[in-house]
Amino acid sequence: MSEVRRSRSKGFVGFLFVAFMFLGLGVGILIGEVAPALFVGMGLGFLSMAILDAIIKEPAEEESEYERAVESYVGKGGFLGNIILALLGIGFILGGLSILTGFEIEWRILGGALIILLGIWFIILAMRAIASSKSS
């Protein structure tokens with residue numbers, strides 16, 4: 001059985017996030033509701049990343065020390081990683097739609113704090129991966 005890992009083509013899956021973010025931004029500008037449309041676009045980007053990451057399976061190739069370090073801290077885009085991306089996507093979509101429809105979420109502070117913590121978590125993972133690749 002051949003080992004499955006994140007291939008070079010999987011590296012481009014992240015461009016989907018950026019593409020959907022810009023689509024959401026453009027739609028938001030057109031309808032006069034930038035933030036909610038941007039949230040929906042980001043949510044669709046996260047969902048598309050999770051779905052394509054789960055679908056694309058390619059045989060392992062020789063990987064760099066940096067790629068090994070990133071995979072050791074962030075994971076190989078496995079089931080848990082895809083679930084987290086999908087939940088983020090659903091959360092952003094629901095948040096954007098709730099703003100568009102005028103439905104006020106009572107716990108905005110909690111949601112904002114969770115998103116800030118998520119950003120800090122990504123920064124820590126990136127710093128650990130970079131430090132690990134430099135020490136190898």
Please go through Ile123's hydrophobic cluster and name the other residues, only I, L, V, M, F, W, Y counting, with side-chain heavy atoms under 4.5 Å joining them.
->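 Noted: Ile123 shares its cluster with Met127.
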Under the ring pair (Phe, Tyr, Trp, His ring centres under 6.0 Å) rule, collect the residues that match up with Phe20, sequence neighbours excluded.
-> none
Between side-chain atoms of residues 34-49 and protein atoms elsewhere (two or more places apart, or another chain), which donor-acceptor pairs fall under 3.5 Å?
residue	atom	partner	partner atom	Å
Ser48	OG	Leu44	O	3.3
Ser48	OG	Gly45	O	2.8

Of the options Leu30, Ile29, Ile31, which is the one that meets Glu33 in a side-chain contact (heavy atoms from CB on, under 4.5 Å)?
->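 Only one option passes, and that is Ile31.
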